[in-house]
Visitor: 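The structure is given below, and queries will be raised subsequently.
We're numbering straight along the sequence, starting at 1.
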Amino acid sequence: RNWSVVEADGVRALLDNAAPQTVQSSIRLDGGPPPLSGPLGSAVGGLGLCAPLYALAGGATEPSVLLIGGGGCALPPVLYDALGATVTAVEPDDEVRSIACEYFDASCELVGGCGAEAVAEARDGSFDIVVVDAAEGGNAPPDALASPAFFADVGRVLTEPAVLAVNVVARDAETLARVRDATACVGGALFECELPASLVAEGSPDFARLLFAVRGDTSPLAGHPLLAHV
């Protein structure tokens, strides 16, 4: 197996055996929000910010969500509980999809294939929220999901109001800036959230950020304690 499922202190997590120090997905077994801190903390809890951001921007309930890089599918239940969201999760790894169904609450439409192709095939304005949580070779998102052309296409499939959330892991400031600039091609106001230091362990990337592009009313976000306007 290329992946392992571990449990500790009431948290279940999905680990890549090639990089076990990096938690791909994690959930609390008591049903609480996914942990951002601790040895099994992951970015899932932070990506859940797209739910209140969508609501603050004027979004309606029961939005349609595209999740690229489903992993253990810990995020769909968060979005369902918060917004009644319908989630389509794209996860290319057969083993990961099997684990998501067996060990995590994969309460979504979980499909294989390529995230970029899923966006290219989607109709204009067919999603209210898009989350890019894919990685390759220790970087997130992969190059194919980090170009201006890709994010411009994401902008095409998003409605108004809408939210894009991107999990960014970069080993240098230049890469972070490049992904940030590409994300801006979606349109709307761009915000950045720095992930807790506990998620940037020794030997792991120096830059861990969540980027949110928000279309709609962003005035309630002025001075938000977690988000910096970019």
Side-chain angles (χ1 to χ4, degrees), residues 25 43-44 47-94 96-97 100-101 105-136 140-168 178-191 210-218 221:
S25 296
V44 172
L47 289 169
L49 279 171
C50 65
L53 289 179
Y54 178 70
L56 286 171
T61 57
E62 301 182 359
S64 178
V65 180
L66 177 62
L67 169 59
I68 299 174
C73 288
L75 185 60
V78 174
L79 300 183
Y80 179 80
D81 290 344
L83 300 169
T86 300
V87 182
T88 299
V90 181
E91 172 52 58
D93 191 302
D94 294 342
V96 172
R97 292 200 308 276
C101 293
D105 180 15
S107 55
C108 60
E109 180 185 1
L110 180 57
V111 300
C114 168
E117 291 179 0
V119 172
E121 294 170 0
R123 302 185 313 276
D124 292 6
S126 54
F127 291 101
D128 304 293
I129 298 172
V130 172
V131 179
V132 180
D133 190 23
E136 184 177 69
D143 289 343
L145 305 177
S147 70
F150 169 72
F151 283 114
D153 205 23
V154 171
R156 175 186 62 81
V157 306
L158 281 171
T159 58
E160 177 102 16
V163 173
L164 165 72
V166 186
N167 183 16
V168 182
R178 176 174 56 82
V179 177
R180 185 191 291 126
D181 290 346
T183 303
C185 293
V186 166
L190 189 62
F191 299 88
L210 301 177
L211 297 178
F212 299 93
V214 183
R215 289 179 174 177
D217 181 11
T218 59
L221 300 179

Visitor: What are the two closest non-hydrogen atoms of Leu49 and Pro52, and how far apart are they?
Guide: O-CD, 3.1 Å
Visitor: Between Ala89 and Cys73, what is the shortest heavy-atom contact and its length?
Guide: CB-SG, 4.1 Å
Visitor: So, applying side chain to side chain contact (heavy atoms under 4.5 Å, CB included) with Val154, which one of Thr183, Val166, Leu164 is it?
Guide: Leu164
Visitor: Tell me the closest heavy-atom pair linking Ser126 and Ser64, and the distance in Å.
Guide: O-OG, 3.6 Å
Visitor: Passes side-chain contact (heavy atoms from CB on, under 4.5 Å), Leu67 versus Leu47? Steps please.
Guide: CA-CA 11 Å; Leu67 169 59; Leu47 289 169; 5.9 Å; no
Visitor: If only atom types and distance count, is the side chain of Ser147 paired as donor or acceptor with the main-chain N or O of Phe150 below 3.5 Å?
Guide: yes
Visitor: Checking the side chain of Arg180 only, and the main-chain atoms of Leu190 only, is there a donor and an acceptor separated by less than 3.5 Å?
Guide: no
Visitor: Between Asp133 and Leu75, is any pair of side-chain heavy atoms under 4.5 Å apart?
Guide: no
Visitor: Hey, could you give me the OG1/CZ distance between Thr159 and Arg215, rounded to the nearest 0.5 Å?
Guide: 7.5 Å
Visitor: Is there a donor-acceptor pair closer than 3.5 Å between any side-chain N or O of Arg97 and the backbone N or O of Leu110?
Guide: no
Visitor: Rounded at 0.5 Å granularity, tell me how far CG in Leu221 sits from CZ in Phe212.
Guide: 10.5 Å
Visitor: Assess the residue pair Val214 and Phe191 against the criterion (side-chain contact (heavy atoms from CB on, under 4.5 Å)); give the C-alpha distance rounded to whole Å, side-chain angles, the decisive distance to 0.1 Å, and a yes or no.
Guide: CA-CA 8 Å; Val214 183; Phe191 299 88; 4.0 Å; yes
Visitor: From Phe127 CZ over to Leu66 CG, what is the distance, rounded to the nearest 0.5 angstrom?
Guide: 4.5 Å
Visitor: For the residue pair Ala140 and Ala135, what are the closest heavy atoms and their distance?
Guide: CB-CB, 3.8 Å
Visitor: Would you give the length of the straight line joining atom CG of Leu158 to atom CG of Asp153, rounded to the nearest 0.5 angstrom?
Guide: 10.0 Å
Visitor: Counting heavy atoms not belonging to Glu136, are there more than 12 under 6.0 Å from its CD?
Guide: no
Visitor: Would you call Arg178 and Asp181 a salt bridge, using N to O less than 4.0 angstrom?
Guide: no
Visitor: Heavy atoms only: give me the nearest Val90-Ala118 pair and the separation to one decimal.
Guide: CG2-CB, 3.9 Å
Visitor: Quick check: closest heavy atoms across Asn167 and Ala43, and the distance to 0.1 Å?
Guide: ND2-CB, 3.8 Å
Visitor: Closer than 3.5 angstrom, by distance alone: can the side chain of Arg156 be matched with the main-chain N or O of Ala122 as a donor-acceptor pair?
Guide: yes
Visitor: Please round to the nearest 0.5 Å and tell me the distance separating atom OH of Tyr54 and atom CG of Leu83.
Guide: 7.5 Å
